[in-house]
Protein chains: 2
Amino acid sequence: MRKAPTLKDIALATGVHVSTVSRALNPSLRTVLSDDVVKHICEVAAQMGYRPNRLAAGLRTRRTMTVGLMIPDITNAIFPPILRGVESVLEPLGYASIIVNTDSILAREHLLVDVLRERGVDGIIHAAVLRNDPKIVKVAAEGTPMVTVNRKIENSGIPAVVNDDAQGIRMILKYLFDFGHRKIAHIAGPEDLSTGQGRKQAFVAGARELGLDVPARAIAQSQRFDEAEGRRCTAALLDGGWPLTAILCANDRLALGAFEVLRARGIDCPTQVSVTGFNDMPFLDLIPPRLTTVRIQQFEVGQVSADILVKLMTDPAAAVASETTLPVKLVVRDSVAPPPSG
Amino acid sequence: MRKAPTLKDIALATGVHVSTVSRALNPSLRTVLSDDVVKHICEVAAQMGYRPNRLAAGLRTRRTMTVGLMIPDITNAIFPPILRGVESVLEPLGYASIIVNTDSILAREHLLVDVLRERGVDGIIHAAVLRNDPKIVKVAAEGTPMVTVNRKIENSGIPAVVNDDAQGIRMILKYLFDFGHRKIAHIAGPEDLSTGQGRKQAFVAGARELGLDVPARAIAQSQRFDEAEGRRCTAALLDGGWPLTAILCANDRLALGAFEVLRARGIDCPTQVSVTGFNDMPFLDLIPPRLTTVRIQQFEVGQVSADILVKLMTDPAAAVASETTLPVKLVVRDSVAPPPSG
DNA sequence: GGTTCTGCTGCAATCGTTTGCGTAACTACC
DNA sequence: GGTAGTTACGCAAACGATTGCAGCAGAACC
């Protein structure tokens with residue numbers, strides 16, 4: 001276990017003071033030194049295989065060049081592309097990222113945000129935030145640069161990068177409407193998530209605009225964005241007795257659950273009941289009946305949020321948009337057809 | 001931006017020395033102090049919301065309680081479950097993880113391993129290792145606890161946690177054989193990955209045991225484990241003129257590519273050509289014709305490798321298995337049928 | 001009462017960097 | 001050749017925690 005060389009070792013080898021070595025290795029401070037000294041030091045450093053100790057540097061400068069990424073669950077296929085988007089901007093800048101899975105559990109989230117802070121992250125990208133979370137607001141207010149992605153905390157002052165959920169819902173609602181659907185049910189996302197809440201509101205508003213009737217039993221409220229809840233809600237909808245012809249789901253996984261229940265009950269999708277999703281997660285185009293959905297720009301949402309975080313980290317007083325909304329796109333596949341006649 | 005309280009602040013508030021506070025907050029050193037002092041300090045610390053600065057502690061102790069996880073690409077659905085497995089053991093122990101995507105590019109890998117070391121990770125779990133990589137071997141030899149997962153570097157002394165690839169290939173080969181297949185082609189994984197190499201060898205050996213003829217054109221060599229390569233290799237196989245009745249793919253993504261080409265050419269799977277995969281990635285059971293494959297224990301492989309890493313980190317001289325092989329399981333679905341008669 | 005022991009706490013060095021400040025040496029100017 | 005202004009580098013104090021060692025009480029013993 002050969003000890004990694006430190007500034008001191010290089011100073012010893014070159015006969016200069018450690019502070020000189022430090023400056024020589026820092027491009028922006030390098031200018032105050034004579035060129036040949038810089039050159040010599042750099043050569044020796046490279047030859048010794050010097051790698052700065054970011055712990056020590058971070059201790060001194062309070063910048064560790066690492067950021068925290070909070071997501072609900074990495075096995076949810078929607079998040080890996082977002083992470084890659086984030087890293088596409090962070091990594092070239094020299095940042096590394098600590099990723100934590102909150103499982104959408106508040107207590108875990110609070111624990112994990114401390115885990116991140118203990119490690120001195122320079123900022124946090126939070127893709128798992130609940131609609132209401134005082135602790136997170138407090139952490140941000142205390143000075144930790146933070147941006148929430150996909151979701152947001154209303155009136156928190158925390159910059160959010162979100163998708164144009166309202167527009168997406170409107171588009172897909174219109175799409176169903178144009179096919180002739182008039183009895184459109186909705187499987188709503190969790191009420192404690194801004195996406196769940198926002199999409200439901202957009203659904204209700206949009207349906208009203210189109211002059212559709214939306215009785216209470218046309219909306220099933222899920223507790224989580226997963227297939228199991230999709231199944232439960234679909235069953236509830238079907239058993240509710242409302243003569244629906246289409247189910248607009250708040251996200252793809254709920255829709256996948258809907259597929260299952262329909263198939264199990266011998267109800268054909270799309271000829272008997274149309275189904276739509278939201279997000280356009282990977283592999284959707286391979287799963288029949290291929291889901292018509294709304295594509296959110298997963299990679300880009302990551303990029304944009306990282307851009308904003310960088311701005312915040314380099315200048316805490318920087319003026320950044322409190323909310324950035326990215327456009328969405330209707331992805332037409334096979335899960336929508338005209339309602340059965342009669 | 002209220003400054004986070006430090007040991008010194010607590011010392012000031014309690015009227016004792018910072019070293020006493022440090023000991024009071026450390027369960028294993030706490031015993032040397034009188035109970036009431038410990039109690040008082042803990043109360044004040046809790047009330048002030050003290051959180052240790054792991055940077056400072058790490059600088060002193062050379063342990064940061066963070067580990068590095070190297071994977072090829074998080075968007076590859078096989079890795080998230082492995083990560084969760086890793087974290088299921090690491091997180092309760094207080095470790096956080098820095099995840100990096102190598103994209104299977106050697107230069108990136110070398111860059112990223114330094115990124116990890118700069119941050120003083122206590123150990124590395126490497127799920128992206130190439131069969132031959134002197135730099136990684138060197139890093140491990142220099143004392144960084146490391147374990148490779150899924151893949152391995154032969155004779156490197158680096159503990160590896162792998163799946164029983166040979167057994168898996170044998171089982172699936174036998175399964176095809178029992179259906180009557182005698183002309184079984186293979187889409188091999190990348191030669192620079194131990195999995196690609198190992199599965200190919202197992203295929204050749206297994207075919208020989210069964211008395212099957214395996215001409216050169218029965219094997220297509222992929223460059224990457226992805227759908228595009230699966231398509232390319234399938235096309236090459238089909239165009240090669242060898243009258244195959246089944247394609248045994250080195251992993252699921254290659255098989256997914258095979259599905260596409262077969263469908264595009266109007267060749268029905270499984271009635272005309274059977275296809276098998278390896279890994280059993282998520283969602284496979286929803287994609288028709290549902291792929292018959294070999295299930296590797298993704299979560300468990302993560303768990304086991306983390307267990308080993310922990311052992312290595314807590315006691316560098318600990319005796320750990322140089323190779324741990326986890327059992328695999330045949331997952332029968334719909335992509336295999338008897339070969340067309342005649 | 002002096003000595004030894006033990007139990008508790010303080011002192012100070014240390015980890016590797018960064019950075020404000022001080023100070024040589026050198027240039028330039030009158 | 002004295003003064004002022006640069007230039008180029010060294011000095012030393014941080015950052016926040018850990019830990020070997022020292023030291024100070026009080027108890028215990030003869």
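Throughout, protein chains are lettered first and strands after them, A, B, ... in sequence-line order, and every chain is numbered starting at 1.
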Considering only dA17(D), dA8(D), dA12(D), which nucleotide approaches the side chain of Ser34(A) most closely?
dA8(D)
Please tell me which of the listed nucleotides, dC11(C), dG10(D), dC15(D), lies nearest to the side chain of Ser19(B)?
dC11(C)
Spacing between Glu118(A) atom CD and dG16(D) atom C1', to the nearest angstrom:
13 Å
So what does Val18(B) touch, heavy atoms closer than 4.0 Å: a base, only the sugar-phosphate, or nothing?
base
Candidates Val86(A), Thr66(A), Asp122(A) - the one meeting side-chain contact (heavy atoms from CB on, under 4.5 Å) with Tyr95(A)
Asp122(A)
Just the rounded figure in Å: distance from P of dA17(D) to CZ of Arg119(A).
14 Å
Under 4.0 angstrom, heavy atoms only, what part of the nucleic acid is Val37(B) near: base, sugar-phosphate, or nothing?
sugar-phosphate
Pairwise side-chain contact, Val139(B) with Glu142(B), heavy-atom cut-off 4.5 Å (strictly under):
no
What one should report as the nearest heavy-atom pair of Leu25(B) and Cys42(B) is CD1-SG, 4.0 Å
In residues 23-31 of chain A, which residues come under 4.0 Å of DNA chain C by heavy atom?
Arg23(A)
Can you tell me how far P of dA8(D) sits from NE2 of His40(A), to the nearest Å?
18 Å
Do NZ/NE/NH1/NH2 and the carboxylate oxygens of Lys39(B) and Asp36(B) come within less than 4.0 Å?
no
Tell me if the NZ atom of Lys8(B) is crowded by more than 12 foreign heavy atoms within 6.0 Å.
no
Would you give the length of the straight line joining atom CG of Asp9(A) to atom OG1 of Thr14(A), rounded to the nearest 0.5 angstrom?
10.5 Å
Could you tell me whether the phosphate oxygens of dG16(D), OP1 or OP2, come under 4.0 Å of any side-chain nitrogen or oxygen in Tyr50(B)?
no
In whole Å, what is the span from the NZ atom of Lys8(B) to the C1' atom of dT18(D)?
15 Å
Please report the distance, rounded to the nearest Å, between CG in Leu7(A) and C1' in dG10(D).
15 Å
Run through Leu106(B), Val113(B), Ile124(B) and flag the one making a side-chain contact (heavy atoms from CB on, under 4.5 Å) with Ile136(B).
Val113(B)
What are the residues of residues 51-66 of chain B, sorted by number, that bring a heavy atom to within less than 4.0 Å of DNA chain C?
Leu59(B), Arg60(B), Arg62(B)
Check: Glu87(B)/Ser97(B) side-chain N/O donor and acceptor closer than 3.5 Å
yes
From CG of Asp9(B) across to C1' of dA17(D) the rounded distance in Å is 13 Å
Looking at Asn101(A) and Ile74(A), would you say the former's side chain and the latter's main chain have a donor-acceptor pair under 3.5 Å?
yes
Does dT9(C) have OP1 or OP2 sitting under 4.0 Å from an N or O in the side chain of His17(B)?
no
